[in-house]
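All remarks here apply to the structure that follows.
Read the numbers this way: they start at 1 and go in the same order the structure lists the ligands and their atoms.
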Amino acid sequence: MKAAIKNGLTTKTMGREIFHYHSLESTNNTARQLAENGAEHGTLVIAARQAAGRGRGGRRWSSPEGGIWLSLILRPQLLFVQASLITLLTAVAAAETTREVCCFMPDIKWPNDLLAGGKKLAGVLTEAFAANDGIRYLVVGLGINVNIKRKDFPPELRQQATSILIETGKQTDRALWVRSFLMVFEQLYDEAAADGFAAVLDRWRRYSSTLGKDVLVCSSGRRIRGKALDIDRQGALLVETEGSIRRFWAGEVIFEQEC
Ligand code: BTN
């Protein structure tokens, strides 16, 4: 897998160093250890399966063979509060990679879910490790259900989750997907580092299935109903509710028809 990813990889930093494992507890955990030991910006950690994959909000992330479970170590020049922009950038990169490699375009649900037909295809878990108000390093974890059959999901996820195989009926070359992702990610990242995140946010808006919808936002133990209007320059979700506009940094969005 490592050689196949590297074959034809033209990035300057992303995936120049690759750690590939047959099985890990969580690629985010291993990436964190490597980062603490000085691993470089752009280092990729990837595993064929995870025994204890982690999702947002402390949830488990089912990670059977057939998916892509990876983490990137980044050392960006960003403020701590800007870490969420990297989450949006990662979701944009994963959506565009899927369009290029699999001829199939998922949509993005704020902040980090890739959906197909309303079912979850991929998720991003960004963990930021701070120094003062800056970022010492980030671990960006991405899980995408690629060549996974419905029966390979745990029974409780079969109605909510989907895979590229289920959606397209085709097997995807995972090394090709990862190589393409690294290239798209690096291009978006370099553009954002040079010119800011406006272009990333515009692409995110184009692919979004959240904006313009009536939503229920679950954040910090509270549930707020409103209309999702936009994301702001920092990637926060703007929701109109009872005549005022509220800003959400983190949380879950439920579409009204799902409530
Ligand atoms: C979510 O809840 O939507 C985020 C899921 C993120 C899963 C990925 S799989 C690779 C990396 N390692 C982990 O333990 N989690 C992330």
For [X], atoms of ligand 1 separated by under 4.0 Å from a heavy atom:
X	value
Gly53	14 (O)
Val124	4 (C)
Leu70	10 (C), 11 (C)
Gly141	11 (C), 16 (C)

Taking the six-membered ring for Trp, are Trp177 and Phe181 parallel (under 30°), tilted (30 to 60°) or perpendicular (over 60°)? parallel

Less than 4.0 angstrom from a charged side-chain N to a carboxylate O is my criterion; do Arg203 and Glu96 meet it?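 A salt bridge links Arg203 with Glu96.
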
Is any NZ, NE, NH1 or NH2 atom of the basic residue among Asp152 and Lys149 found under 4.0 Å from an Asp or Glu carboxylate oxygen of the other?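 Salt bridge: no.
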
All pairs passing side chain to side chain donor-acceptor pair (under 3.5 Å) where residues 34-51 contributes a residue, at least two apart: Ser23-Arg49, Thr27-Gln50, Glu36-Arg136, Glu36-Tyr137, Gln50-Ser63

Tell me, which protein residue and heavy-atom name are nearest [atom], and how many Å apart are they?
atom	answer
atom 8 (C) of ligand 1	Gly143 N, 3.6 Å
atom 11 (C) of ligand 1	Thr27 OG1, 3.2 Å
atom 3 (O) of ligand 1	Lys120 NZ, 2.6 Å
atom 5 (C) of ligand 1	Trp61 CE3, 3.4 Å

Heavy atoms of other groups near [X] [atom1], more than 12 under 6.0 Å:
X	atom1	value
Glu156	CD	yes
Gln187	CD	no
Arg233	CZ	no

Side chain, backbone, both or neither: Asp113 near ligand 1, heavy atoms under 4.0 Å: side chain

Contact with ligand 1 for Ser63, non-hydrogen, under 4.0 angstrom: no

Cluster partners of Leu157, using ILVMFWY side-chain heavy atoms under 4.5 angstrom, listed by chain and number? Trp61, Trp69, Ile148, Phe153, Ile166

Closest to atom 12 (N) of ligand 1 among Arg54, Lys109, Gln50 (heavy-atom distance): Gln50

Does Arg56, backbone or side chain, put an N or O under 3.5 Å from an N or O of ligand 1? yes

